[in-house]
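Below is one structure; the comments refer to it alone.
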Amino acid sequence: MPDPASNELENALEQAASLLRGVRRVAVLTGAGISVESGLATFRGAGGLWEGHRVEDVATPRAFEADPNLVWRFYNLRRANLATVKPNPGHFALVQLEQRLRDGFTLVTQNVDGLHQLAGSKNVLEIHGAIRRVRCTGCGLTLDRGVDPLADLPKCAQCGALLRPDVVWFEEMLPDHVWPNAELAVKRCQCLLVIGTSALVYPAAGLIDKARSRDAKIVEVNLAPTPATAGVDIALQGPAGILLPDLIKRL
Ligand code: APR
């Protein structure tokens with residue numbers, strides 16, 4: 001007997017493919033879920049704690065002020081972890097979608113892991129920064145330091161002040177050279193693909209409403225329903241590393 005759940009997914013995949021075949025401008029919003037199949041943990045799933053701290057308690061300006069050693073230890077571990085992971089078929093499927101759409105493709109990511117670029121995606125907007133980069137708390141200089149370990153309390157070679165990870169922490173504004181472009185891409189797109197995000201963290205999650213208010217079609221790919229699911233046009237439930245290659249193959 002055919003499994004009704006797999007029939008439903010098959011129909012949803014076909015619908016999403018037919019939608020994507022008919023549009024020229026696509027924006028994509030990704031979150032931690034797309035990197036799960038590369039071996040990286042999500043923020044809010046099981047294992048979301050680090051040494052007993054909630055991520056929300058380590059990734060804040062206040063935490064850095066109170067205990068920069070603790071915060072750097074956390075980020076140095078995350079950097080070291082990145083050296084061991086590779087992009088997965090979900091990342092590569094988005095590279096193929098960009099090749100198909102060329103200038104009509106914008107990838108907005110909340111991830112700081114750099115895996116989209118490593119896969120080969122070109123037009124990537126990192127709205128929460130990048131874990132490979134450091135930024136000087138004194139002179140503001142930013143530098144790509146790769147994933148090699150840094151000193152416990154790394155200092156700026158230019159001015160000697162303390163460096164921080166160039167990521168957006170809770171309670172901070174999004175980078176003003178990136179965020180307006182993300183908003184613009186979402187306002188202009190005909191279809192927004194929302195992949196592997198819990199859609200809980202704003203303003204990123206607000207991009208979904210922005211796209212909808214401009215009549216873009218919304219396609220969500222997630223292992224589980226999210227607060228956004230009820231309002232999307234097509235919900236594809238399952239692992240991004242399997243569903244995205246399947247979807248792109250159908251185009
Ligand atoms: N395929 C698709 N979705 C998946 C997969 C998978 N293999 N595995 C997990 N997911 C989904 C989960 O169901 C969840 O909805 O990915 C989502 C991950 O959610 P979060 O951990 O909340 O990650 P994200 O939405 O990226 O968090 C947003 O919060 O912690 C801050 O700044 C950080 O950028 C991050 C932001």
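Just so it is clear, the model here is predicted, and its values are computed rather than measured. Just so you know, ligand 1 is whichever comes first in the structure, and atom 1 is the first atom listed for that ligand.
Short contacts between ligand 1 and E37, defined as distances under 4.0 Å to a heavy atom of the residue, involve ligand atoms 1 (N), 6 (C), 7 (N). Taking every heavy atom of G238 and a limit of under 4.0 angstrom, the matching atoms of ligand 1 come to 1 (N), 2 (C). The atoms of ligand 1 that sit less than 4.0 Å from any heavy atom of A32 are 23 (O), 24 (P), 26 (O). Close contacts between ligand 1 and F170 involve ligand atoms 30 (O), 31 (C) [criterion: under 4.0 Å to a heavy atom].
Counting heavy atoms closer than 4.0 Å to ligand 1, residue T197 contributes atoms from both its backbone and its side chain. At a heavy-atom cutoff of 4.0 Å, ligand 1 is contacted by both the backbone and the side chain of Q110.
Side-chain contact annotation: S35 with D113, donor-acceptor N/O pair under 3.5 Å present.
Annotation: side chain of C191 is in contact with side chain of V219 (closest heavy-atom distance under 4.5 Å). The shortest side-chain heavy-atom distance between L163 and L150 does not fall under the 4.5 Å cut-off. At least one side-chain heavy atom of I131 sits under 4.5 Å from a side-chain heavy atom of Y75.
The two residues E98 and N123 have their closest heavy-atom pair at OE2-N, 2.9 Å.
In terms of hydrophobic clustering, with Ile, Leu, Val, Met, Phe, Trp and Tyr side chains grouped at heavy-atom distances under 4.5 Å, L97 and V23 are assigned to a common cluster.
Residue T226 has no N or O atom closer than 3.5 Å to an N or O atom of ligand 1. Geometrically, ligand 1 and S198 share a nitrogen or oxygen pair separated by less than 3.5 Å. Below 3.5 Å of separation, one finds no N or O of P239 facing any N or O of ligand 1.
At most 12 non-hydrogen atoms from other residues, nucleotides or ligands lie less than 6.0 angstrom from CZ of R145.
The residue among S38, G31, G196 with a heavy atom at the shortest distance from atom 18 (C) of ligand 1 is G196.
Ring geometry, H116 versus H91: the interplanar angle exceeds 60°, so the pair is classed perpendicular (tilted spans 30 to 60°).
At least one heavy atom of N222 sits closer than 4.0 Å to an atom of ligand 1.
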